[in-house]
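Being a predicted model, the structure only gives us computed values, none of them experimental. Computed over heavy atoms, backbone and side chain alike; hydrogens, waters and symmetry mates excluded.
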There are 2 protein chains.
Amino acid sequence: MSIDPPGFELPLRLFLGFRVLIDELHAELARQGHPHARPMHGFVMQAIGIEGTTAVELGRTLGVSKQAAGKTIETLERLGYVERARDPRDTRRKIVRLTPWGVDVLARSARIFDDLRARWAAVIGDERLRDLEADLRKVTPQDVFRLDVPGWFGA
Amino acid sequence: MSIDPPGFELPLRLFLGFRVLIDELHAELARQGHPHARPMHGFVMQAIGIEGTTAVELGRTLGVSKQAAGKTIETLERLGYVERARDPRDTRRKIVRLTPWGVDVLARSARIFDDLRARWAAVIGDERLRDLEADLRKVTPQDVFRLDVPGWFGA
DNA sequence: CTATTACCGACAACGACGTTGTCTATCTTA
DNA sequence: TAAGATAGACAACGTCGTTGTCGGTAATAG
């Protein structure tokens with residue numbers, strides 16, 4: 001026997017739903033030639049955006065230190081997803097930009113997420129899925145990038 | 001401008017919903033005398049259960065190594081949430097049990113989660129919330145403990 | 001024009017938390 | 001009774017976050 005009230009289920013289901021989508025995304029990304037993409041990378045590359053950014057800026061966007069952002073950028077650079085170049089107008093800055101390979105991951109992710117969403121719609125119905133999204137929008141914050149994921153779950 | 005298809009929003013909203021609930025849970029737990037409880041602890045203590053368990057068993061339940069489970073148990077022990085005792089019938093085993101202090105966290109968590117759920121119901125409606133839970137149940141796995149959280153999000 | 005201040009990126013040291021590997025003690029089984 | 005399996009402790013290591021420090025460049029105040 002264990003303590004098991006109704007309120008415990010809601011956060012768990014939300015997390016499991018998230019996990020299912022992310023896991024299936026990355027299984028499919030691996031099949032499509034991106035076996036080294038990790039859940040974090042997608043968020044980071046979204047945060048980098050099309051215009052590019054710097055380590056300090058990225059750290060602020062993601063809510064981590066500039067050093068942590070720098071290390072993540074190094075990883076993405078090693079995987080070929082981003083590249084760095086000196087800013088000619090401010091030689092202190094190094095601008096991080098998505099490579100075509102990085103844009104490819106984002107584009108594929110977008111299509112895969114749309115497919116996964118369609119599969120959910122097929123299971124629970126299109127209207128119910130739209131309701132679900134609308135309801136979640138009402139109870140969650142608007143700022144989408146400050147996930148503060150790193151170490152947040154740690155013991 | 002950034003790549004921003006409809007499919008990207010669903011996983012994000014699910015995660016943010018989860019985050020909102022967990023963050024508010026721990027803010028309230030801190031107010032109620034449990035400032036050191038971390039998100040992971042609740043799941044682990046749920047996994048330990050009323051009858052208790054061992055490090056090896058716990059590791060299997062949570063999907064981590066027995067060493068990692070042992071370290072988590074040490075942390076919980078230091079916080080006074082669990083205690084260990086030798087199994088008289090198998091002196092190799094050390095049984096981990098919740099202390100009354102540990103049971104207290106779980107009981108308070110249960111009430112807080114119920115309150116948070118009620119607040120969601122007040123915002124989106126009770127029926128819509130029940131629909132949301134029912135729909136999520138349809139698209140998520142049944143095994144609830146294998147979160148495989150540790151390091152899963154890492155870059 | 002110059003001196004101070006602010007900012008960027010790199011490097012080092014550290015802590016938290018996961019992993020694998022090894023070891024001893026104990027239980028189980030052939 | 002001997003061999004194998006299992007529990008838990010200990011150590012070493014890797015990853016990823018943190019803070020602190022530093023040199024180089026930009027912006028700004030006097």
Side-chain angles (χ1 to χ4, degrees), chain A residues 36-45 47-48 51-79 81-97 145-155, chain B residues 19 26 36-45 47-48 51-79 81-97 145-155:
Chain A
H36 298 300
R38 306 276 301 112
M40 196 67 200
H41 297 165
F43 288 97
V44 173
M45 286 193 276
I48 290 172
E51 328 88 51
T53 183
T54 67
V56 170
E57 260 179 55
L58 183 60
R60 273 198 263 271
T61 305
L62 297 175
V64 301
S65 66
K66 61 178 184 177
Q67 290 88 340
K71 289 184 188 182
T72 303
I73 289 169
E74 273 178 45
T75 303
L76 290 174
E77 197 175 26
R78 209 174 332 114
L79 293 173
Y81 290 140
V82 304
E83 57 192 0
R84 273 184 289 192
R86 285 258 167 226
D87 184 339
R89 281 170 324 198
D90 184 344
T91 56
R92 294 173 305 178
R93 291 167 35 110
K94 279 180 128 172
I95 302 190
V96 183
R97 277 185 229 286
F145 276 120
R146 295 295 299 265
L147 298 177
D148 295 344
V149 171
W152 164 85
F153 215 90
Chain B
R19 275 295 307 272
H26 285 277
H36 297 300
R38 305 275 303 111
M40 196 66 200
H41 298 164
F43 288 96
V44 174
M45 288 193 276
I48 289 172
E51 329 88 52
T53 183
T54 68
V56 170
E57 260 179 55
L58 183 60
R60 271 199 263 273
T61 303
L62 297 175
V64 300
S65 67
K66 61 179 183 177
Q67 291 89 339
K71 289 182 186 181
T72 303
I73 289 170
E74 272 177 47
T75 303
L76 291 174
E77 196 175 25
R78 208 172 335 111
L79 292 174
Y81 290 141
V82 305
E83 57 193 359
R84 275 184 287 191
R86 286 258 167 226
D87 184 340
R89 280 168 324 202
D90 184 344
T91 56
R92 293 173 307 178
R93 291 166 39 111
K94 278 178 126 172
I95 302 189
V96 183
R97 276 185 230 286
F145 276 120
R146 293 297 296 266
L147 298 178
D148 295 344
V149 171
W152 163 86
F153 215 90

Let me know the distance between [atom1] of [X] and [atom2] of [N], rounded to the nearest Å.
X	N	atom1	atom2	value
B/L58	D/dA9	CG	P	13 Å
B/I95	D/dG8	CD1	C1'	14 Å
A/H41	D/dT15	NE2	C1'	12 Å
B/H36	C/dA16	NE2	P	14 Å
A/I73	D/dG17	CD1	P	12 Å
B/L79	C/dA16	CG	P	13 Å
A/K94	D/dG23	NZ	P	18 Å

Report summary line: Which of D/dA7, D/dG17, C/dG9 is nearest the side chain of B/R93? It is D/dA7
Report task. Would you indicate which nucleotide in C/dC8, C/dA10, C/dG18 comes nearest to any side-chain atom of B/T72? Result -> C/dG18
Rounded to the nearest 0.5 Å, what separates atom [atom1] in [X] from atom [atom2] in [Y]?
X	Y	atom1	atom2	value
B/H36	B/T75	NE2	OG1	12.5 Å
A/R93	A/R86	CZ	CZ	11.0 Å
A/I95	A/D90	CD1	CG	9.0 Å

Query raised in the report: According to a strict under-4.0 Å criterion, is B/R84 in side-chain N/O contact with OP1 or OP2 of D/dA9?
Result: yes
With a non-hydrogen cut-off below 4.0 angstrom, is [X] in contact with a base, only sugar-phosphate, or nothing?
X	value
A/A55	sugar-phosphate
B/K71	base
A/R86	nothing
B/T54	sugar-phosphate

**Report entry** Under 4.0 Å protein heavy-atom contact, by nucleotide of nucleotides 22-30 of chain C - B base, S sugar-phosphate only
**Finding:** ---BBS---
Requested in this report: Verify, without hydrogens or angle tests, whether B/H26 (side chain) and B/A37 (backbone) share a donor-acceptor contact under 3.5 angstrom.
Outcome: yes
